[in-house]
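Read the structure below first, then the notes.
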Amino acid sequence: MANKFETVKATKDGLAVRAELEHFAQIGWENIPEEDRDLRLKWLGIFFRPVTPGEFMLRLRLPHGVATSEQLRTIGEIAARYGDRGNGDITTRQNLQIRGIKIEDIPAIFQRLEACGLTSVQSGMDNVRNITGSPVAGLDRDELIDTRNLVQAVQDMITNRGQGNSEFSNLPRKFNIAIEGSRDNSVHAEINDVAFVPAYREGVLGFNVVVGGFFSARRCEAAIPLDAWIPPEESAAVALCRAILEVYRDNGPRANRQKSRLMWLIDEWGIDKFRAEVAAKLPFPLLSAAPKDELDWEKRDHLGVFPQKQEGLNYVGLHIPVGRLYAGDFLELARLAETYGSGEVRLTVEQNVILINIPDDKLAALLQEPLLTKFGVDPAPLQRAVVSCTGAQFCNFALIETKNRAVAMGQALEKELELPRPVRIHWTGCPNSCGQPQVAEIGLMGTKVRKEGKTVDGVDIYLGGKVGKDAHLGECVHKGIPCEDLQPLLAQILVEQFGATRRV
Ligand code: SRM
Ligand code: SF4
């Protein structure tokens with residue numbers, strides 16, 4: 001028997017609700033048929049939040065994490081309408097989500113988004129999610145391939161230029177694509193269903209391809225080589241993504257949603273058959289992989305001031321604690337981007353913002369701006385590299401609150417300890433792993449724990465995640481630690497394994 005989600009998709013395509021938006025806006029959220037409200041609206045990026053009924057979350061698509069000041073201002077103005085409840089988050093896929101949205105405002109909001117070149121289409125449920133790329137593409141002095149046009153071309157193919165594409169709106173499950181053009185694996189290639197990583201083959205710079213990486217409550221896997229290399233042209237990447245998506249769409253397992261991600265199909269077929277089926281769909285011969293890829297740097301966090309490859313220009317990475325932004329923050333970031341730079345910003349998978357194209361002679365004034373006391377360029381080592389998923393404040397899957405806790409824990413540990421270097425700490429509210437605890441040096445996954453006869457918030461602790469070159473996933477080493485007992489244990493781990501010393 002088909003699972004509920006397959007039945008919902010077969011009955012009516014998710015994208016079909018677009019024609020009903022005006023009607024939904026008129027009848028109000030309480031009267032929208034449940035399957036449309038809770039599921040199909042996610043095909044348009046509109047997420048019903050059971051934690052805040054009537055206040056929806058809107059997930060955009062920001063290919064490569066690129067945004068303009070006009071887009072930031074539009075988002076800030078949309079969020080401002082809802083006061084403090086209208087805030088936004090930078091996500092772990094270099095993307096933005098806005099909260100507090102009322103369904104009656106959606107038609108007008110969609111018009112505003114379209115007017116500034118934004119779309120939220122196919123950003124949730126069984127679709128291809130935001131496509132990630134190096135946040136310093138086109139600026140990085142050591143870049144190998146500027147992948148911005150390529151990422152945009154792949155998104156345009158998948159979403160029909162943001163209009164919605166029913167060819168790819170009924171995949172067996174969600175699907176993640178990352179395209180890396182730098183040396184430091186800025187996108188976490190290893191945790192995507194498909195990732196392209198730079199590699200020379202017979203002297204030509206193109207991409208090796210890895211497939212099948214994913215996290216889920218049931219299973220987490222790093223991607224494996226497809227034994228394929230493609231040249232850097234957009235047409236090759238677009239054709240390969242299309243071929244892989246078609247093979248997955250038409251053959252991926254659909255009976256059990258816990259076993260529907262791409263890796264389950266690869267398991268069933270073996271990588272050789274999967275490769276052969278993909279190759280058969282391509283308009284060009286699929287070449288074997290280059291002997292090695294060029295991911296040979298440690299991962300950079302881009303916080304601080306860095307010279308660009310364009311003489312006299314700089315990019316400035318700002319630390320946005322756990323990615324949380326309020327309406328005024330979007331407006332201020334837009335102003336800074338215009339006043340000091342070219343009006344463009346970049347977002348990172350660490351949930352931070354980079355202002356770009358800042359001339360040397362404007363740097364000093366930018367660094368004096370009041371917003372930089374809130375979003376600094378040189379945060380303390382235990383706050384610098386904290387990433388957190390949404391958690392219980394807005395997510396009904398959450399077993400614990402994460403974002404506020406992550407900030408408070410970083411500050412508390414900072415008071416207690418002196419660190420020789422930043423430590424990457426990722427919080428996630430449940431085993432779905434949106435906060436990627438497995439890539440962290442210290443990963444904290446929310447759970448419930450019994451303590452003194454009561455059920456309390458707790459975490460499982462992951463250690464050993466490595467990013468950048470030779471990336472590998474961390475493992476769970478402590479289970480069921482009550483959050484109220486966490487600080488001393490983390491302090492001990494930081495002292496014993498990360499060279500922290502106790503402040504006296
Ligand atoms: Fe996620 C579901 C938030 C990145 C694995 N994720 C959800 C939902 C939609 C659940 C829900 O309806 O409440 C969360 C929305 C909460 C909210 O109100 O914000 C949610 N996921 C997020 C974000 C916002 C976390 C963040 O704070 O940054 C990230 C949005 C990325 C984006 O812009 O599209 C986010 N989610 C991830 C990642 C990380 C990544 O892509 O690198 C993962 C693990 C990697 C992966 O998918 O392989 C991830 N999210 C999941 C899963 C488990 C998927 C599975 O195969 O089982 C779910 C649950 C599901 O799909 O059934 C989920
Ligand atoms: Fe929600 Fe769990 Fe994802 Fe956190 S990890 S956003 S709690 S689904």
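Order of listing sets the numbers, starting from 1, for every ligand and every atom in it. Along the sequence shown, the residues carry numbers beginning at 1. Model, not experiment: these values are computed from the prediction.
Short contacts between ligand 1 and Thr91, defined as distances under 4.0 Å to a heavy atom of the residue, involve ligand atoms 24 (C), 28 (O), 29 (C), 30 (C), 31 (C), 32 (C), 33 (O). Set against the non-hydrogen atoms of Phe214, the atoms of ligand 1 under 4.0 Å away are 48 (O). Distances below 4.0 Å separate heavy atoms of Cys395 from the following atoms of ligand 1: 13 (O), 16 (C).
Ring geometry for His188 against His426 counts as perpendicular: the plane angle is over 60°, on a 0 to 90° scale with 30° as the lower cut. Using cut-offs of 30° and 60° for the angle between ring planes, the His302 and Tyr315 rings count as perpendicular.
No side-chain donor-acceptor contact under 3.5 Å links Glu268 and Asn251.
Looking at atom 46 (C) of ligand 1, its nearest protein heavy atom turns out to be Asn176 ND2, 3.3 Å. At the top of the distance list for atom 55 (C) of ligand 1, counting protein heavy atoms only, stands Ser216 CB, 3.4 Å. Protein heavy atom in closest approach to atom 56 (O) of ligand 1: Arg261 NH1, 2.8 Å. Looking only at heavy atoms of the protein, atom 9 (C) of ligand 1 is closest to Phe47 CE2, 3.6 Å. Scanning the protein for heavy atoms near atom 11 (C) of ligand 1, the closest one is Arg49 NH2, 3.4 Å. Looking only at heavy atoms of the protein, atom 24 (C) of ligand 1 is closest to Gln97 OE1, 3.1 Å.
Here Arg40 does not pair with Glu20 in a salt bridge; the nearest charged N to carboxylate O distance is not below 4.0 Å. Between Arg161 and Asp156 there is a salt bridge, since at least one side-chain N of the basic residue sits less than 4.0 Å from a carboxylate O of the acidic one. Under the 4.0 Å criterion applied to side-chain N and carboxylate O atoms, Lys466 and Glu298 are assigned as salt-bridge partners. Under 4.0 Å is where a charged nitrogen must lie from a carboxylate oxygen, and between Arg324 and Asp329 no such pair does. Using a 4.0 Å cut-off between charged side-chain N and carboxylate O, Glu484 and Lys451 make a salt bridge. Ionic pairing of Glu77 and Arg112 is present here: one or more N-O contacts between side-chain nitrogen and carboxylate oxygen are shorter than 4.0 angstrom. Note on Asp457 versus Arg405: salt bridge recorded, some NZ/NE/NH1/NH2 to OD/OE distance being below 4.0 Å. Between Glu70 and Arg73 no salt bridge is recorded (no basic side-chain N to carboxylate O distance below 4.0 Å). At a threshold of 4.0 Å, the pair Arg242-Glu167 counts as salt-bridged, since one of the basic side-chain nitrogens sits closer than that to a carboxylate oxygen. Ion pairing between a basic and an acidic side chain is recognised when a charged N comes within 4.0 Å of a carboxylate O; Arg254 and Asp126 show no such pairing.
Looking at Lys403 next to ligand 1, no N or O pair under 3.5 Å apart turns up. Residue Arg93 has at least one N or O atom closer than 3.5 Å to an N or O atom of ligand 1. At under 3.5 Å, a nitrogen or oxygen of Asn95, whether backbone or side chain, sits near a nitrogen or oxygen of ligand 1. Residue Arg129 places no N or O, backbone or side chain, under 3.5 Å from any N or O of ligand 1.
Inside a sphere of radius 2.8 Å centred on atom 4 (Fe) of ligand 2, the protein N/O/S atoms present are Cys389 SG. Inside a sphere of radius 2.8 Å centred on atom 1 (Fe) of ligand 1, the protein N/O/S atoms present are Cys434 SG.
Within the structure, the closest approach of Lys42 to ligand 1 falls below 4.0 Å when heavy atoms are considered. Under a 4.0 angstrom heavy-atom cut-off, Ser388 registers as being in contact with ligand 1. For Ile191, the heavy-atom gap to ligand 1 drops under 4.0 angstrom.
Side-chain atoms of Arg384 come within 3.5 Å of backbone atoms of Leu303 as a donor-acceptor pair (strictly under, hydrogens ignored). A donor-acceptor pair under 3.5 Å links the side-chain atoms of Gln351 to the main chain of Ser388, judged by distance alone.
Ring centroids of Phe48 and Phe56 are separated by less than 6.0 Å, placing the two rings close together.
Geometrically, Arg173 does not engage Trp264 in a cation-pi contact, judged by NZ or CZ lying under 6.0 Å from the ring centre and within 45° of the ring axis. Remark: Arg99 qualifies as a cation-pi partner of Phe394 under the 6.0 Å distance and 45° angle criteria applied to the six-membered ring.
The option with the heavy atom closest to atom 62 (O) of ligand 1, from among Lys174, Arg257, Lys259, Arg173, is Arg173. When Arg99, Arg59, Gln436, Gln351 are ranked by how near their heavy atoms come to atom 19 (O) of ligand 1, first place goes to Arg99.
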